[in-house]
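What follows is a short report on a single structure.
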Amino acid sequence: MSTLGLELRRSAAAGAALLALTVGVAALYIDPGRWSEGWMPLVLTAKEYTILLWPLALAAGAWQGRREHRAKVGELFATTPRSRARRMLPVLVAMGATLGLAYLLVIVAGGMRIAPTAAYFPPDIVVIVLTGVLSMVAAAWLGLGIGRLLPALVTAPALAVAGVLLVFFTAIMRPHWMGAVLSPVYGSGYFYPFQTIAPRVTGALAIWMGALALSGAVLLIARSRHVRMAAVLPALLGFGAAAAIVPRAEAALVAPIDPVARELVCTYDVPKICVTRVNANVLDTLTPLAREGLAVLAKLPDAPTEVHQERWAAWEPLPTTRDGDVVTITIRIDAHGGLAYPAAVVPEIVLGLGVDNTGQCQRGGAVERAAAYYLLGRQPVPDVGVTPDETIEEDPELNAEAVALWQGLQKLPSSEALSRVAAVRKAILACQDSTGLLSR
């Protein structure tokens with residue numbers, strides 16, 4: 001323990017860990033909105049930032065690995081009765097433990113922010129985080145071995161640059177299963193709230209990183225050229241084992257879905273409002289707004305009676321049928337874990353005229369806009385500035401046409417105007433053209 005304590009105080013371990021912790025926390029808090037939705041987004045974002053942390057650990061290990069060469073004490077230590085493996089053990093423990101702890105503390109630093117609002121803790125997170133810790137240990141140990149093998153001053157910075165390139169290009173290489181095995185960053189792209197990483201992908205990465213760590217340790221403690229050459233064997237065997245268990249199906253490799261995370265959590269009373277389990281913390285905030293939107297739609301016959309959160313991933317096949325009783329909306333989470341854009345909830349519900357937006361029929365034209373704004377009791381305005389989707393481009397001509405149709409509705413008796421609006425909704429449900437239904 002005294003030897004380990006000396007290593008912690010005098011080696012590069014503590015300084016490298018502090019630098020990794022600072023870089024990781026700073027990268028997280030540059031944009032907390034990316035991971036404020038819950039635990040899995042936080043873990044995936046931290047995993048993405050291993051593109052910075054992994055090369056840093058690799059370079060720190062290489063810097064530490066050349067210590068004996070720098071101090072010119074290699075021959076002196078070789079004459080001592082203690083084996084090289086025993087002498088290097090405190091170095092391995094110090095570098096691996098501190099850098100692994102730094103990665104864990106990055107997660108903790110983010111978790112302190114989202115703990116009050118995160119509603120769902122997937123059990124897979126524990127294994128994913130521990131694999132991230134193992135990847136930092138592997139980088140540090142591999143750096144130690146390479147630093148001892150190539151004790152030049154340029155080795156550490158060169159490894160830092162090479163590490164960034166290696167992590168990035170292995171993450172995007174094809175086939176997908178190869179990237180899943182080789183890159184500690186693979187699978188960190190965040191696309192939707194119920195995303196996860198397949199357990200076999202995490203297991204394959206853990207095997208590969210464990211093999212790299214063992215190869216680095218062998219390089220560090222090897223005394224002969226033949227043992228150094230044999231250091232590649234653990235990496236080769238580890239890659240073979242990881243390749244054997246990693247899945248080949250793209251559904252398991254590219255942003256797989258956690259079915260528990262996207263289960264619906266609903267209010268007990270009616271009208272029923274439902275969100276996915278991962279967003280259950282915003283249900284209380286969403287409920288009065290969603291019910292206000294349903295109250296507006298209640299002016300129509302056979303109006304919808306429920307609001308559900310959209311649960312379909314972008315590349316999943318959409319349902320071909322519509323449920324006339326359900327309105328689906330997109331839930332957005334702000335940087336503090338609460339409901340973002342609450343003022344947009346009611347317009348989003350009414351602008352769809354209470355039709356399930358997971359269907360495959362086109363809508364959103366001037367007729368639908370005029371009908372929806374008639375129910376809202378105000379003149380149509382362009383989408384820009386109303387909806388939170390920043391990708392929407394303003395279409396003045398479309399809105400001008402909607403305003404003209406809306407003004408025509410204002411001149412009609414309310415019963416006739418509502419009848420025409422109901423006809424528009426019926427046409428949308430049947431995937432029929434609604435042109436002319438407001439101006440007949």
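The figures that follow rest on heavy atoms only: side chains count, while hydrogens, waters and symmetry mates do not.
- A 4.5 Å side-chain heavy-atom check between L44 and I197 finds at least one atom pair inside the cut-off.
- Residues R66 and R148 form no side-chain contact, since every pair of their non-hydrogen atoms from C-beta on lies 4.5 Å or further apart.
- We find the CG-CD1 distance between L339 and I333 to be 6.5 Å, quoted to the nearest 0.5 Å.
- At least one donor-acceptor pair closer than 3.5 Å links the side chain of N281 to the backbone N or O of G337.
- Residues Y29 and W35 place their aromatic rings such that the two centres sit under 6.0 Å apart.
- Listed for the W63 side chain is no donor-acceptor partner under 3.5 Å among the backbone atoms of A12.
- Formation of a donor-acceptor pair under 3.5 Å by the S183 side chain with backbone atoms of V167 is found in this model.
- A donor-acceptor pair under 3.5 Å is formed between the side chain of E348 and the backbone N or O of T330.
- Smallest separation of non-hydrogen atoms from P304 and L297: CG-CD1, 3.7 Å.
- For the atom pair CG of L166 and CG of L182, the computed distance is 7.5 Å after rounding to the nearest 0.5 Å.
- Ring geometry for F121 against W39 counts as perpendicular: the plane angle is over 60°, on a 0 to 90° scale with 30° as the lower cut.
- Between L212 and M209 the shortest side-chain heavy-atom distance falls below 4.5 Å.
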**Asked** So L149 and R228, side-chain contact (heavy atoms from CB on, under 4.5 Å) or not? Walk me through it.
**Response** CA-CA 9 Å; L149 187 65; R228 294 192 191 104; 3.6 Å; yes

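- In this structure, CD1 on I273 lies 9.0 Å from SG on C266, to the nearest 0.5 angstrom.
- The CG atom of L130 sits 8.0 Å away from the CG atom of L104 when rounded to the nearest 0.5 Å.
- Rounded to the nearest 0.5 Å, atoms CG (L289) and CG (L294) are 11.0 Å apart.
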**Prompt:** Does the side-chain contact (heavy atoms from CB on, under 4.5 Å) test come out yes or no for L376 and V346, once each step is laid out?
**Reply:** CA-CA 9 Å; L376 287 170; V346 174; 4.1 Å; yes

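- The two residues A156 and A62 come nearest to each other via the heavy atoms CA-CB, 4.0 Å.
- No side-chain heavy atom of I172 sits under 4.5 Å from any side-chain heavy atom of Y186.
- How far CZ of R291 is from NZ of K272: 11.0 Å, rounded to the nearest 0.5 Å.
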**Request:** Check step by step if side chain to side chain donor-acceptor pair (under 3.5 Å) holds for Q309 and T276.
**Result:** CA-CA 7 Å; Q309 179 183 352; T276 56; 3.0 Å; yes

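- S188 places no side-chain N or O within donor-acceptor distance of the main-chain N or O of T45, the cut-off being under 3.5 Å.
- Two residues are said to be in side-chain contact when any heavy atoms from C-beta on lie closer than 4.5 Å; T305 and P271 fail this criterion.
- Nearest heavy-atom pair, S215 versus A231, reported as atom, atom and distance to 0.1 Å: OG-O, 2.7 Å.
- Contact record, V278 with A119: O-CB, 4.3 Å, taken as the closest heavy-atom pair.
- A side-chain donor-acceptor contact under 3.5 Å links T155 to the backbone of L150.
- Across A252 and A198, no two heavy atoms sit closer than the pair O-CB, 3.4 Å.
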**Item:** salt bridge (Lys or Arg N to Asp or Glu O under 4.0 Å) assessment of R277 paired with D258
**Value:** CA-CA 11 Å; R277 188 175 300 279; D258 178 359; over 6 Å; no

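- The local environment of CZ in R225 is sparse, with at most 12 non-hydrogen atoms from other residues, nucleotides or ligands closer than 6.0 Å.
- Remark: side-chain polar atoms of K47 are paired, donor with acceptor, to backbone N or O of P184 under 3.5 angstrom.
- At least one side-chain heavy atom of M40 sits under 4.5 Å from a side-chain heavy atom of T196.
- Considering E37, R34, Q195 in turn, E37 is the only one that fulfils the side chain to side chain donor-acceptor pair (under 3.5 Å) rule with Y190.
- Counting all heavy atoms, side chain and backbone alike, A20 lies closest to L53 at O-CD2, 3.3 Å.
- Remark: side-chain polar atoms of R425 are not paired, donor with acceptor, to backbone N or O of E368 under 3.5 angstrom.
- Ion pair E401/R369 not flagged as a salt bridge, since none of the NZ, NE, NH1 or NH2 atoms sits closer than 4.0 Å to an Asp/Glu carboxylate oxygen.
- When side chains are defined from C-beta on, Y103 does not count as touching L99, because their heavy atoms never get closer than 4.5 Å.
- Judged by a 6.0 Å distance limit and a 45° cone about the ring axis, R262 is positioned over the six-membered ring of W312.
- Remark: side-chain polar atoms of W141 are paired, donor with acceptor, to backbone N or O of L92 under 3.5 angstrom.
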**Request:** Check the pair Y120 / V260 against side-chain contact (heavy atoms from CB on, under 4.5 Å), numbers first and verdict last.
**Result:** CA-CA 9 Å; Y120 173 60; V260 178; 3.5 Å; yes

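- Contact annotation: the side chain of V246 approaches that of R248 to within less than 4.5 Å [non-hydrogen atoms, C-beta and beyond].
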**Asked** How far apart are the C-alpha atoms of L286 and V345, what are their side-chain angles, what is the distance that settles it, and do they pass the side-chain contact (heavy atoms from CB on, under 4.5 Å) test?
**Response** CA-CA 8 Å; L286 176 69; V345 172; 3.8 Å; yes

